[in-house]
Amino acid sequence: MTDIFLEGGRALVGAELVETSLLVSGTDIAEIGGSRGRARLAIDSRNLLVMPGIVDLHGDAFERQMMPRAGVDFPIDVALADSDRQAISNGITTVFHATTCSWEPGLRSSDNARGLMEAIERQRPQFAADTRFHLRHETYNLDAEDEISLWLSEGRVDLFAFNDHMDGTVADMAKPRKRNRMVERTGLSAEAFDRLVERVVSRAQEVPASVARLAAAARAAEVRMLSHDDATPAMRQEFRELGAGIAEFPVNEETAQAAASHGDAIVYGAPNVVRGGSHTGWTKASDMIAKGLCSVLASDYYYPAQLLAAFRLAADGVLPLTEAWSLVSAGPARATGLADRGVLAEGRRADILLVDDSVKLRPRLIAVISGGKLVHLTDATRLLSTVAVPREAVVAA
């Protein structure tokens, strides 16, 4: 690998932005504040922010690459390769693809989840971002329990979430627009979809025991767990007792307070911050952040959102940028147990962003280093030539 020297940026070191230089050697940050030395590749970082790479523990925008229109499918490998490029170009150097494993056929089926997991495993060496598998288990998908238990025991799942959208599904059956969207996603006829929902709902009494067994399997495999859309403190407590220490999108402040009081990681969507509120009309993320009730912002359904959200929080006076950045980098790294990243420090993984912040609310990504490799560069004039750089070093980067 080519050593990389970043000269003279405003780097987020600890809790402060410090004018300094960074040396990357191999996959790690070798030195902060040193000289270029023998590094063959150098980048002028002056007047730029130098930030830790973004960690996205919940992103499902890849679904749009798989099915850009209802009923229009593209191969999984093509969709994942494009999603990798989108993630990197938005500063996401660690991405957990949040893959729904539902009782539905089609895009969110067990078959599709299996295919995604296998494709991620095959393509992982080709991706620029460190790409991981976040399995979102719909708790009514009882037929998938044995296979998911096996995946957990084999170490193929990096994060495991419990989702229960059944009440919403039943409620949306009476709303033609939402019902049609669900039907289109599954590829079923309207009548077949109705029969399927009726059959799945009829097994409701089996769900709690299945959840408990799968939680035990995840604990045994030391896989971190999340509970999705917790609606009450009691619900959060139930999942905490099962070992789910991450509260993903709690739907009200009371539940978020209960999570915070027990030290749970609390996740909200970065699009919520960028747009100024939830598209569902639920909790406003910036309000929760201001009250100290959010430790992680995820891309959710829009890859550019994490980068934009940090600068939006700073511009709105909710948090200084140094603290807002923790929500998209150090916070998710800590929540997912990735102690080697999320901060700029010697010996840590070299996931580094160079950001032009000269235009308010519109940060522009100049370069991305992921695992010690230069994987994205939008301004080649920033490549320094004060020391001869062999052509092969630039090409390899």
Side-chain angles (χ1 to χ4, degrees), residues 1-4 6 9 11-13 22-30 32 41 43 45 48-62 80-98 120 123-134 158-159 267 270 296-300 302-311 321 324-356 363-378 396-397:
M1 297 179 70
T2 301
D3 287 358
I4 304 172
L6 305 177
L12 180 57
V13 179
L22 275 73
L23 176 64
V24 172
S25 183
T27 60
D28 299 331
I29 298 171
I32 296 177
L41 178 61
I43 303 174
S45 305
L48 298 178
L49 292 172
V50 182
M51 311 296 279
I54 293 171
V55 178
D56 184 16
L57 65 71
H58 175 126
D60 58 23
F62 66 88
L80 287 177
D82 187 34
S83 297
D84 179 62
R85 289 189 289 270
Q86 288 192 31
I88 282 293
S89 67
N90 285 291
I92 301 170
T93 51
T94 302
V95 58
F96 287 80
H97 284 319
I120 289 170
Q123 292 175 252
R124 189 172 278 135
Q126 304 165 23
F127 293 139
D130 182 6
T131 303
R132 296 166 181 248
F133 184 58
H134 171 173
D158 298 296
L159 282 178
V267 183
V296 175
L297 284 174
S299 77
D300 199 3
Y302 191 60
Y303 288 132
Q306 288 173 287
L307 177 65
L308 294 171
F311 284 86
L321 181 62
W325 199 262
S326 176
L327 298 177
V328 300
S329 193
R334 190 163 45 245
T336 54
L338 298 176
D340 64 338
R341 67 198 71 189
V343 298
L344 300 180
E346 293 177 1
R348 299 294 182 95
R349 180 180 159 97
D351 292 338
I352 305 169
L353 313 182
L354 302 187
V355 183
D356 179 353
R364 187 166 70 96
L365 205 57
I366 301 299
V368 178
I369 295 169
S370 179
K373 295 181 180 179
L374 178 62
V375 294
H376 181 76
L377 179 68
T378 63

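What's counted below: heavy atoms across the whole structure, side chains too, no hydrogens, waters or symmetry copies.
- Smallest separation of non-hydrogen atoms from Gly59 and Ser299: CA-OG, 3.4 Å.
- Take Ser25 and apply the side-chain hydrogen bond (donor to acceptor under 3.5 Å, both in side chains) test, not counting sequence neighbours, and it matches Asp3.
- Proximity of Trp325 to Leu49: side-chain heavy atoms (C-beta onward) are nowhere separated by under 4.5 Å.
- With hydrogens and angles ignored, the 3.5 Å screen pairs a side-chain donor or acceptor of Ser370 with a backbone N or O of Ala128.
- Within the structure, side-chain hydrogen bond (donor to acceptor under 3.5 Å, both in side chains) contacts touching residues 87-97 (residues at least two apart or in different chains) are Thr94-Arg341.
- Under a 3.5 Å cut-off, the side chain of Asp356 and the backbone N or O of Leu48 do not form any donor-acceptor pair.
- Inter-residue side-chain proximity for Asp84 and Gln123 is flagged as unmet; no heavy-atom pair is nearer than 4.5 Å.
- Residues Asp351 and Pro52 have side chains not in contact (no heavy-atom distance under 4.5 Å, counting atoms from C-beta outward).
- In this structure, CD1 in Ile88 is found 10.0 Å from CD1 in Ile54, a value given to the nearest 0.5 Å.
- Closest of all the heavy-atom pairs between Leu353 and Gly53 is CG-CA, 3.9 Å.
- Side-chain contact between Ile366 and Ile43: absent, with no pair of heavy atoms (C-beta onward) separated by less than 4.5 Å.
- Using a distance-only test at 3.5 Å, with no hydrogens or angles considered, a donor-acceptor pair links the side chain of Arg124 to the main chain of Thr131.
- Put simply, CG on Leu377 and CD1 on Ile369 are 9.5 Å apart, with the number rounded to the nearest 0.5 Å.
- Considering only heavy atoms from C-beta on, Phe62 stays 4.5 Å or farther from Asp82 through its side chain.
- A donor-acceptor pair is defined here as one N or O able to donate and one able to accept, closer than 3.5 Å; no such pair exists between the side chain of Thr27 and the backbone of Gly372.
- Counting heavy atoms from C-beta outward, Leu338 and Arg132 have side chains that approach closer than 4.5 Å.
- Counting heavy atoms of neighbouring residues, nucleotides and ligands inside a 6.0 Å radius, atom CZ of Phe127 exceeds 12 of them.
- A side-chain donor-acceptor contact under 3.5 Å links Thr336 to the backbone of Ala333.
- With hydrogens and angles disregarded, no donor-acceptor distance shorter than 3.5 Å links the side chain of Gln306 to the backbone of Ala270.
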